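Below: one structure, written as structure tokens.
One-based numbering, in listed order, for ligands and for the atoms of each. Just so it is clear, the values below take in all heavy atoms, side chains as well, and ignore hydrogens, waters and symmetry mates. As the structure is a prediction and not an experimental result, all values here were calculated from the model.
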Amino acid sequence: MTLAINDLKRHNQPLETALQAAMARVLDRGYYILGPECTAFEHEFSSFLGTSWAVGVGNGTDALELALRALGVQSGNYVATVANAGMYAGTAIRAVGAVPCYVDVLPGSLLIDPSALSRVLDSSQVRALVVTHLYGRMVDMAAILEVTRAYGVPVIEDCAQAHGASRLGRRAGSWGDLATFSFYPTKNLGALGDGGMVVGGDESLHARLLSLRQYGWVAKYKSDYRGGRNSRLDEIQAAVLRAKLPFLDGWNARRRQIVRRYRAELDGLGWGLPPYPDEADVVHLCVLEVERRAAVQAALVDQGVGCDVHYPIPDHRQLAYTDGVNITLPVTEAACTRVLTLPCFPEMLDAEVDLVVQACSRAVQSLRGKL
Ligand SMILES: *Cc1c(COP(=O)(O)O)cnc(C)c1O
């Protein structure tokens with residue numbers, strides 16, 4: 001038996017009664033798309049975050065794409081983002097015909113580097129910035145906004161890995177001009193299928209997003225906005241997410257606890273440990289940096305400990321999009337060869353954390369023997 005990095009069955013099973021009641025409510029009502037569950041969840045989620053409004057959409061990548069469209073990003077525009085976050089932002093940027101302008105990250109946190117951002121904004125005509133709160137680590141938004149305001153560049157926070165994170169008492173998603181969430185089942189707040197959300201404070205952006213998620217309509221069968229899509233959060237997923245939202249802060253607290261234990265126990269192995277999660281961070285993935293990653297992975301799997309790599313190929317090295325991307329991002333590229341994700345999910349038992357810790361120590365010992 002292998003301990004997986006995440007276990008969705010163990011996560012959702014304790015909520016079975018509540019989830020079945022939520023789904024039955026939708027079935028009984030006979031209203032399946034853009035009904036009362038979606039509206040209620042939009043209100044509950046925006047009040048959880050402290051934003052004025054929220055718009056439910058089909059998934060997190062659509063959320064990014066629709067946010068870019070709402071800001072008026074067009075074909076041929078440049079959009080700044082990082083290259084170490086799984087290429088979701090890059091996919092959305094390409095979907096609107098724009099071109100990503102990659103910014104390197106800070107060593108250690110692996111989050112966007114504000115001074116690298118300044119250099120990119122100095123040298124290119126950037127139309128928008130997508131900031132990713134990677135692995136649940138929250139970007140210092142005050143520092144980023146100080147840079148972007150000087151250039152008048154609007155900011156989208158990609159919060160797909162940071163539901164509930166906060167800094168200076170403000171949640172991730174309440175800092176940027178717009179912010180996007182994914183409710184993919186493995187996320188800190190996950191549906192039982194696809195789901196996404198765009199949140200913000202500006203009323204004209206709100207109106208545009210309500211329209212863009214449904215064919216550009218401003219009323220039934222009347223399209224005023226270009227670039228409309230069909231991308232909606234369905235009633236079953238909204239009902240499921242409503243049932244789960246009250247537990248989010250508690251789940252995040254347990255995730256932080258697990259990483260704090262890993263940090264204490266794995267100190268001394270010579271690995272790059274994840275930053276100490278303070279209350280600002282929520283830990284989506286427990287990501288370390290190691291030398292000889294493939295050998296470490298093999299040694300862990302041998303001992304029944306699952307692990308994974310988030311993410312192995314930086315966006316600017318993906319074969320799908322190599323046009324015009326003749327850049328080097330030293331920190332990003334080095335990190336992609338070293339990052340390793342250990343099991344971390346709220347239902348994980350202390351005994352399972354111990355098992356992972358022992359497996360890591362043995363992996364290091366056996367690799368030293370093979371040097
Ligand atoms: C998961 C994820 C997304 C995309 O969400 P989907 O719902 O799968 O489209 C976007 N950005 C980040 C950082 C993610 O982790």
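- Heavy-atom contacts from other residues, nucleotides or ligands closer than 6.0 Å to OH of Tyr151 number more than 12.
- For the residue pair Gln161/His133, the side-chain donor-acceptor check at 3.5 Å is not satisfied.
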Can you give the donor-acceptor pairs under 3.5 Å from side chains of residues 189-197 to other protein atoms, not counting sequence neighbours?
none

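- Partners of Glu65 by salt bridge (charged side-chain N to carboxylate O under 4.0 Å, His left out), not counting sequence neighbours, listed by chain and number: Arg69, Arg229.
- Listed by first and then second residue, the ring pair (Phe, Tyr, Trp, His ring centres under 6.0 Å) pairs involving residues 35-66 are Phe41-Phe45, Phe41-Phe183, Phe45-Phe181, Phe45-Phe183, Trp53-His206 (not counting sequence neighbours).
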Atom pairs and distances, ligand 1 N/O vs protein N/O under 3.5 Å:
| residue | atom | partner | partner atom | Å |
| --- | --- | --- | --- | --- |
| ligand 1 | 5 (O) | Ser182 | OG | 3.2 |
| ligand 1 | 7 (O) | Gly60 | N | 2.8 |
| ligand 1 | 7 (O) | Ser182 | OG | 2.7 |
| ligand 1 | 9 (O) | Asn59 | OD1 | 3.4 |
| ligand 1 | 9 (O) | Gly60 | N | 3.3 |
| ligand 1 | 9 (O) | Thr61 | N | 2.9 |
| ligand 1 | 9 (O) | Thr61 | OG1 | 2.6 |
| ligand 1 | 11 (N) | Asp158 | OD1 | 3.4 |
| ligand 1 | 11 (N) | Asp158 | OD2 | 2.7 |
| ligand 1 | 15 (O) | Gln161 | NE2 | 2.8 |
| ligand 1 | 15 (O) | Lys187 | NZ | 2.7 |

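- Remark: the backbone N or O of Ala70 is paired with a side-chain donor or acceptor of Arg208 at under 3.5 angstrom.
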